[in-house]
Amino acid sequence: MITTLLDGNRRFVKEIFDVERDYFEDLAKMQRPTVLWIGCSDSRVPVNTITQTKPGEVFVHRNVANIVATNDWNLSAVLEFSINHLKIPDIVVCGHYGCGGIAALDEDCRDDRYIPIWLNNAYKAKERVDEKIAGLRIKLSEEQRMQLIVEENVRLQLEHLREYPFVRNAMEEKKLSIHGWVYDMTTGDIKVVQRDTVACVEF
Ligand code: CO
C-alpha cells in the first residue's frame with residue numbers, strides 16, 4: 001500500500017504538477033484558501049475530490065465525527081490562523097451519513113480510552129434527536145435515526161464554533177459565515193443542513 005502512494009506521487013508530478021507548473025509555483029509562494037473545511041477523518045470523505053477543488057483552495061481540519069471542541073487546542077489554532085491570518089470568509093462543518101464516530105455514540109466503547117472522551121462532544125446531538133423522536137411518537141428506522149443524529153451533530157458543532165469569541169466577532173462584523181453540510185457517500189451529494197446563521201436571523 002505504501003509503495004502505491006509513492007507511485008501515485010510520481011504520477012502526480014508527471015501528469016498534474018509538471019503540466020500546471022505555473023499554478024504550483026505561484027502556490028508555493030503563498031496560499032490564499034477561501035474556505036476552512038472541518039470534516040470527518042473518514043477516508044471516504046476527501047474534501048478536494050468531493051468538492052472538485054484544487055490544492056490551495058481549501059484549508060482543512062479533520063477529526064473523528066467532525067467535532068468542534070472548544071478545549072481542542074489543535075482546532076483552536078487552526079481557527080485562529082484561518083480567521084486572523086488567512087482571513088478566510090467561510091467555514092464549513094461537514095458531516096457524513098454512515099459516520100462510524102456517530103454510530104459509536106450508541107456503542108459501549110469500554111475497551112477504548114480516548115474515543116468515548118472525544119465523542120462526549122457529540123453526545124448532545126444524539127440526546128436531542130432521541131428526545132424529539134420520543135416526543136413526536138414517530139417510528140423511524142435505525143438508519144433514519146442515525147441520519148438525523150449526523151445532521152444534528154453538524155448543527156451542534158456550529159454552536160460550539162460560535163462559542164469562540166473571535167468567531168462570533170468575525171461573524172458580527174460580517175467577515176465570516178459558517179455553514180453546516182452533510183455528505184452522502186451513497187450518492188456523492190452534499191446536503192446543506194444549515195446556512196450562515198447570522199444571515200438567517202436577518203432575513
Ligand atoms: Co465519520
Side-chain angles (χ1 to χ4, degrees), residues 1 4-5 8 33 35-53 55 57-79 82 88 90-133 140-164 167 178-197:
M1 181 60 198
T4 312
L5 264 66
V35 178
L36 165 63
W37 176 272
I38 301 172
C40 185
S41 295
D42 195 303
S43 62
R44 298 163 297 180
V45 195
V47 51
N48 291 122
T49 306
I50 66 170
T51 60
Q52 290 291 282
T53 43
E57 293 182 330
V58 185
F59 203 61
V60 179
H61 177 87
R62 291 169 70 178
N63 61 41
V64 171
N66 42 275
I67 280 168
V68 175
T70 50
N71 60 354
D72 175 3
W73 310 136
N74 181 351
L75 173 68
S76 302
V78 168
L79 280 173
S82 300
I88 286 179
D90 290 284
I91 299 177
V92 172
V93 174
C94 188
H96 67 105
Y97 299 129
C99 182
I102 294 301
L105 288 169
D106 277 339
E107 288 159 19
D108 182 5
C109 310
R110 208 173 298 175
D111 294 335
D112 295 317
R113 186 165 177 184
Y114 299 106
I115 296 169
I117 298 172
W118 182 245
L119 291 178
N120 269 334
N121 298 301
Y123 202 79
K124 211 184 266 179
K126 169 179 139 152
E127 280 181 335
R128 284 180 188 169
V129 169
D130 285 342
E131 273 171 30
K132 203 168 177 179
I133 293 171
L140 292 182
S141 70
E142 200 39 46
E143 193 190 353
Q144 287 171 316
R145 174 177 166 269
M146 271 298 151
Q147 289 185 344
L148 291 178
I149 299 174
V150 164
E151 291 173 9
E152 189 58 34
N153 179 53
V154 167
R155 290 189 200 97
L156 177 65
Q157 304 315 325
L158 290 176
E159 288 170 28
H160 293 165
L161 210 45
R162 289 194 298 271
E163 284 176 27
Y164 283 93
V167 169
I178 62 175
H179 316 266
W181 295 356
V182 171
Y183 173 68
D184 184 338
M185 54 190 183
T186 65
T187 63
D189 291 316
I190 286 174
K191 176 179 174 181
V192 175
V193 173
Q194 195 161 318
R195 290 174 198 279
D196 180 24
T197 44

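First listed ligand is number 1; within each ligand, the first listed atom is number 1. Remember, it's a predicted structure, so these values are computed and weren't measured experimentally.
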What number of protein N, O or S atoms occur at distances under 2.8 Å from the Co ion (ligand 1)? 3
For Gly180, is there any backbone N or O sitting under 3.5 Å from a side-chain donor or acceptor partner on Gln157?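 Not at all, since once roles are kept as given, no pair shorter than 3.5 Å links the two residues.
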Considering the options Leu156, Leu161, Leu36, which one meets the side-chain contact (heavy atoms from CB on, under 4.5 Å) requirement together with Val93?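 The side-chain contact (heavy atoms from CB on, under 4.5 Å) with Val93 is passed solely by Leu161 among Leu156, Leu161, Leu36.
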What distance do Arg145 atom CZ and Lys126 atom NZ have between them, rounded to the nearest 0.5 Å? 6.0 Å
Side-chain heavy-atom pair Ile88, Pro33 within 4.5 angstrom cut-off: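 They are in contact (side-chain heavy atoms under 4.5 Å apart), so the answer is yes.
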What pair of heavy atoms forms the shortest contact from Tyr183 to Arg44, and how long is it?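 Minimum heavy-atom contact is CE2-O, 3.6 Å.
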Which residues share a salt bridge (Lys or Arg N to Asp or Glu O under 4.0 Å) with Asp72, sequence neighbours left out: none
